[in-house]
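Since the structure comes first, as structure tokens, the remarks are kept for the end.
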Amino acid sequence: DDTEVVLTCTFPYLDRIQNKEEIRILDLCSGSGIIAISLKLQYPKADVTAVELSDKALPYLEKNCRENTGTPEKINLAGGAGCQGMGSRA
């Protein structure tokens, strides 16, 4: 439910600005990555970064981003202990 509310509120705003400026999205506490993935699929030109600090959740985030966006370079990933993965891509 919370995910649906976030996306429902976000899409109209991004629709209005997508042709006017570069879209940069930061998904904090990304978990499985569904918000980052949904936004990247809806706005393929957007620069999307998903951040997850949980070492347990990070492998699921990486796998889901890779499997659901078509190519591994689509979403920037950061996470793990101390966000040591900053700058990696999945």
**Asked** Where do Cys9 and Pro12 come nearest, in terms of heavy atoms and distance?
**Response** O-CD, 3.6 Å
**Asked** Looking only at heavy atoms, which two atoms of Pro59 and Lys56 are closest? And how far apart?
**Response** CD-O, 3.5 Å
Within this structure, what is the [atom1]-[atom2] distance for the pair [X] and [Y], rounded to the nearest 0.5 Å?
X: Ile75; Y: Thr69; atom1: CD1; atom2: OG1; value: 5.0 Å
X: Gln42; Y: Ile37; atom1: CD; atom2: CD1; value: 14.0 Å
X: Tyr60; Y: Cys65; atom1: OH; atom2: SG; value: 14.5 Å

**Prompt:** Would you find a donor on one side and an acceptor on the other, under 3.5 Å apart, between the side chain of Lys40 and the backbone of Ala46?
**Reply:** yes
**Prompt:** Is it the case that one hydrophobic cluster holds both Val48 and Leu7, taking links as side-chain heavy atoms less than 4.5 Å apart, direct or via other members?
**Reply:** yes
**Message:** Using the side chain to side chain donor-acceptor pair (under 3.5 Å) criterion, which residues pair with Thr49? Sequence neighbours excluded.
**Reply:** Asn76
**Request:** Report yes if some heavy atom in the side chain of Ile25 is under 4.5 Å from a heavy atom in the side chain of Leu14; otherwise report no.
**Result:** yes
**Item:** Side-chain heavy atoms of Leu77 within contact of Glu62, under 4.5 Å
**Value:** yes
List, one per line, each side-chain donor-acceptor pair under 3.5 Å for residues 28-36, sequence neighbours excluded.
| unit_1 | atom_1 | unit_2 | atom_2 | d |
| --- | --- | --- | --- | --- |
| Ser30 | OG | Asp27 | OD2 | 2.8 |

**Asked** According to the side chain to side chain donor-acceptor pair (under 3.5 Å) rule, which pairs have a member within residues 2-25, sequence neighbours left out?
**Response** Asp15-Tyr43
